[in-house]
Amino acid sequence: MNSKSFSERVLEIVGRIPKGQVLSYKEVARRAGRPLAYRAVGNILKQNHDPKIPCHRVIRANGTLGGFNRGADTKAKLLREEKAILI
DNA sequence: CGTATGACGTGCA
DNA sequence: GTGCACGCCATAC
């Protein structure tokens, strides 16, 4: 079941993040089967501009929001709306 | 094929 | 707590 590329795997995992839940890039990479590919995870999310992917629920391991193609401000707002746990 | 990039993470001073 | 440097991976050119 490795037909899909790492990017597809990551996007699927991120799309399965429940509301109010946030995962770190490292967590997503670990679920994708590449616990050391957190670098690629960020790149993939940046390339992906699919509104169906709650990429705003992916934050850094240290608790910071990181970045967002629409601006970190939008990301913080979305997380606040979802009552997500932020630092 | 080799180089460069990046929404990262960890270590050390 | 802050700042700097290195390492890691996938993707794009």
Side-chain angles (χ1 to χ4, degrees):
Chain A
M1 309 39 235
N2 254 354
S3 312
K4 297 185 177 208
S5 301
F6 183 72
S7 53
E8 293 288 314
R9 189 87 57 89
V10 171
L11 294 172
E12 191 170 292
I13 292 167
V14 175
R16 288 178 183 175
I17 299 176
K19 182 183 177 192
Q21 180 68 52
V22 292
L23 293 176
S24 58
Y25 296 95
K26 197 166 71 166
E27 280 285 302
V28 177
R30 191 172 74 83
R31 288 187 175 213
R34 297 290 189 274
L36 302 181
Y38 39 74
R39 273 276 203 165
V41 174
N43 267 354
I44 292 157
L45 295 179
K46 186 177 87 166
Q47 286 186 41
N48 172 62
H49 28 77
D50 192 321
K52 292 180 82 81
I53 306 296
C55 41
H56 64 265
R57 287 180 187 156
V58 185
I59 63 176
R60 288 180 66 162
N62 62 321
T64 45
L65 301 180
F68 198 58
N69 14 39
R70 301 282 279 158
D73 184 61
T74 305
K75 186 170 181 175
K77 188 172 182 175
L78 288 166
L79 292 173
R80 282 180 74 189
E81 292 290 302
E82 297 181 2
K83 299 281 203 296
I85 303 172
L86 352 131
I87 201 83

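To find a chain, count down the sequence lines: A is the first, B the second, and so on, and within it residues start at 1.
By the 4.5 Å heavy-atom criterion applied to side chains, A:Val58 and A:Ile17 are counted as neighbours. Residues A:Leu86 and A:Val22 are not in side-chain contact: their nearest non-hydrogen atoms beyond the backbone lie 4.5 Å or more apart. Counting heavy atoms from C-beta outward, A:Lys19 and A:Arg57 have side chains that approach closer than 4.5 Å. Counting heavy atoms from C-beta on, the side chains of A:Leu45 and A:Leu11 come closer than 4.5 Å. For the pair A:Leu65/A:Ile59, a side-chain contact is recorded, criterion being any heavy-atom separation below 4.5 Å from C-beta on.
A:Lys46 comes within contact range of at least one nucleobase, with a heavy-atom separation under 4.0 Å. Base contact: A:Leu45 has a heavy atom under 4.0 Å from a base atom. Contact annotation for A:Tyr38: base contact, defined as any heavy-atom pair under 4.0 Å involving a base atom. Across all strands, A:Ala40 comes closer than 4.0 Å to base atoms (heavy-atom distances).
Look at A:Arg34 and you'll find a side-chain N or O under 4.0 angstrom from OP1 or OP2 of C:dA10. Contact between the side-chain N/O atoms of A:Ser5 and the OP1/OP2 oxygens of C:dA10 is not found at any separation under 4.0 Å. Between A:Gln47 and the phosphate of C:dT11, there is no side-chain N or O to OP1/OP2 separation shorter than 4.0 Å. An OP1 or OP2 oxygen of C:dC9 is reached within less than 4.0 angstrom by no side-chain nitrogen or oxygen of A:Lys26.
Of the two residues contacting DNA chain B, namely A:Ala61 and A:Asn43, the nearest-nucleotide position lying further toward the 5' end is that of A:Asn43.
Here C:dA10 is the nucleotide among C:dA10, C:dC8, B:dG9 with the atom lying nearest to any side-chain atom of A:Phe6. Nearest to the side-chain atoms of A:Cys55 among the listed nucleotides B:dG9, C:dC9, B:dA7 stands B:dA7.
What separates NE2 of A:His49 from C1' of B:dA7 is a distance of 14 Å, to the nearest Å. Look at CG on A:Asn62: it is 14 Å from C1' on C:dG3, rounded to the nearest Å. Note: CZ (A:Arg60) to C1' (B:dT10) measures 11 Å, nearest angstrom. Taking atom CD1 of residue A:Ile59 and atom P of nucleotide B:dA7, one finds them 17 Å apart after rounding to whole Å. In this entry the distance linking OH of A:Tyr25 with P of B:dT10 reads 14 Å, nearest Å. Distance CZ (A:Arg30) to P (C:dC9): 17 Å, rounded to an integer number of Å. Summarising the geometry, the separation between CD1 on A:Ile13 and P on C:dA10 is reported as 14 Å, rounded to the nearest angstrom. To the nearest angstrom, P of C:dT11 lies 11 Å from CZ of A:Arg9.
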